[in-house]
Amino acid sequence: KIRGRATQGNTVAYGDYGPQKTAHVKENGTAYFPETIAGLREIDFEGVDIILIEHGTNDYNSGVPLRNEEEPEDEYTFVGALTKAINLLKNKFPDARIIIVTPTYCWFPQMGYDCETWKPAGATLAEYVEAEKQVAMELGVEVIDNYTLFSHDQESDCYKYTVDGLHATELGRKMIADAIVQYLLDNP
């Protein structure tokens with residue numbers, strides 16, 4: 001998983017890990033970045049058959065606007081950044097299969113919200129997920145929709161699937177991995 005708005009496309013296409021290094025210096029919870037960057041540098045993306053893009057919760061949580069109607073490819077919006085990243089990856093790796101993996105349902109227990117009620121940029125996470133699906137359809141890439149993967153009927157579901165409302169527990173990670181594997185098996 002590579003953080004940043006449109007930077008994930010640049011990171012993979014050009015090996016530009018500068019934004020991830022900057023985030024590591026500035027943000028809490030990024031202690032794993034140096035190890036992740038080192039692992040990514042080892043990958044020859046020219047030989048990769050499938051690129052999975054998990055894009056969504058960082059922009060949603062940060063209040064990045066969903067879209068700019070006047071400038072659809074505005075990389076400072078969620079839709080514009082995703083569009084730019086996918087187009088860059090499609091151009092750089094034309095034979096790779098690109099699949100968007102949507103975020104899962106999430107909670108913000110410390111604030112008393114969930115992703116259906118919190119709208120930091122005026123939109124719910126479900127609206128971001130729908131925008132991802134629309135971009136995928138327009139650009140001819142696939143989508144694995146994990147938004148409905150976690151049940152959220154009970155208050156205890158938050159800690160059943162996540163450690164903090166957002167980051168998956170072992171069970172949550174297994175469910176996400178199983179959903180990706182099943183999709184790939186069903187859609188070879």
Side-chain angles (χ1 to χ4, degrees), residues 1-8 19-20 23-36 39 50-68 76-82 85-86 98-137 141-187:
K1 194 155 108 171
I2 301 171
R3 291 176 63 128
R5 291 190 182 93
T7 61
Q8 66 268 34
Q20 287 72 30
H24 174 62
V25 171
K26 290 182 177 179
E27 298 177 24
N28 292 329
T30 60
Y32 64 92
F33 274 26
E35 184 179 336
T36 301
I50 300 172
I51 299 173
L52 299 172
I53 301 175
E54 185 177 1
H55 184 94
T57 54
N58 290 335
D59 285 352
Y60 163 72
N61 290 333
S62 299
V64 172
L66 194 55
R67 63 176 50 87
N68 178 345
Y76 294 98
T77 67
F78 178 75
V79 168
L82 181 59
I86 290 171
I98 298 173
I99 305 172
I100 297 172
V101 180
T102 73
T104 59
Y105 189 95
C106 60
W107 300 261
F108 305 94
Q110 68 281 10
M111 297 186 306
Y113 297 120
D114 63 17
C115 62
E116 292 178 337
T117 55
W118 193 44
K119 300 178 181 182
T124 64
L125 184 57
E127 291 172 277
Y128 281 72
V129 168
E130 287 306 312
E132 284 180 302
K133 292 177 186 178
Q134 183 65 36
V135 168
M137 187 178 73
V141 299
E142 300 167 68
V143 176
I144 299 172
D145 185 357
N146 281 343
Y147 182 74
T148 59
L149 196 58
F150 297 164
S151 168
H152 52 276
D153 299 330
Q154 314 253 341
E155 196 172 313
S156 62
D157 287 339
C158 172
Y159 295 107
K160 179 177 182 181
Y161 302 112
T162 71
V163 295
D164 56 6
L166 179 62
H167 299 94
T169 60
E170 187 172 335
L171 171 63
R173 290 190 307 272
K174 182 177 182 337
M175 290 173 67
I176 293 167
D178 288 348
I180 292 170
V181 168
Q182 192 60 54
Y183 179 87
L184 294 173
L185 289 172
D186 292 345
N187 300 278

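Side chains included, hydrogens not; waters and symmetry mates left out as well; all remaining heavy atoms used.
- Every residue two or more places apart in sequence or in another chain that forms a salt bridge (charged side-chain N to carboxylate O under 4.0 Å, His left out) with D145 is listed here: K133.
- Residues forming a side chain to side chain contact (heavy atoms under 4.5 Å, CB included) with Y113 (at least two apart in sequence, or on another chain): F108, M111, T117, W118.
- Across every non-hydrogen atom of I53 and I86, the tightest pair is CD1-CG1, 3.9 Å.
- Applying the salt bridge (charged side-chain N to carboxylate O under 4.0 Å, His left out) rule to E142 yields the partners R97; only residues at least two apart in sequence or on another chain are considered.
- For D157, the salt bridge (charged side-chain N to carboxylate O under 4.0 Å, His left out) criterion is met by no residue, not counting sequence neighbours.
- Scanning for side chain to side chain donor-acceptor pair (under 3.5 Å) contacts around T162 gives an empty result, with sequence neighbours left out.
- I99 has its side chain within reach of L184: a pair of non-hydrogen atoms, C-beta onward, lies under 4.5 Å apart.
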Under 3.5 Å, sequence neighbours excluded: what are the donor-acceptor pairs made by side chains of residues 168-178?
from, atom 1, to, atom 2, distance (Å)
T169, OG1, K160, O, 3.1
T169, OG1, Y161, O, 3.3
T169, OG1, L171, N, 3.4
T169, OG1, G172, N, 3.1
R173, NH1, A168, O, 3.0
K174, NZ, D178, OD2, 2.7

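- Ring centroid separation for the pair Y128 and Y60 comes in under the 6.0 Å cut-off.
- The minimum heavy-atom distance between A121 and G63, with the atom names listed, is CB-O, 3.4 Å.
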Evaluate side chain to side chain contact (heavy atoms under 4.5 Å, CB included) for I100 paired with I144, printing each intermediate quantity in order. CA-CA 6 Å; I100 297 172; I144 299 172; over 6 Å; no
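- Partners of A131 according to the side chain to side chain contact (heavy atoms under 4.5 Å, CB included) rule, which considers only residues two or more places apart in sequence or in another chain, are L66, R67, F78, V79.
- Among all heavy-atom pairs drawn from T124 and E127, the shortest one is N-OE1, 2.7 Å.
- For D186, the side chain to side chain donor-acceptor pair (under 3.5 Å) partners two or more places apart in sequence, or in a different chain, are Q182.
- Counting only residues at least two apart or in different chains, salt bridge (charged side-chain N to carboxylate O under 4.0 Å, His left out) contacts with residues 111-122 are absent.
- Contact between Y159 and P109 at its shortest, heavy atoms only, is OH-CG, 3.2 Å.
- In this structure, H167 and C106 have side chains that are not in contact, with every pair of non-hydrogen atoms separated by 4.5 Å or more.
- Within the 4.5 Å cutoff, side-chain heavy atoms of Y147 are placed close to those of L125.
- Residues C158 and F150 are not in side-chain contact: their nearest non-hydrogen atoms beyond the backbone lie 4.5 Å or more apart.
- The main-chain N or O of L149 is never found under 3.5 Å from a side-chain atom of N146 such that the two would form a donor-acceptor pair.
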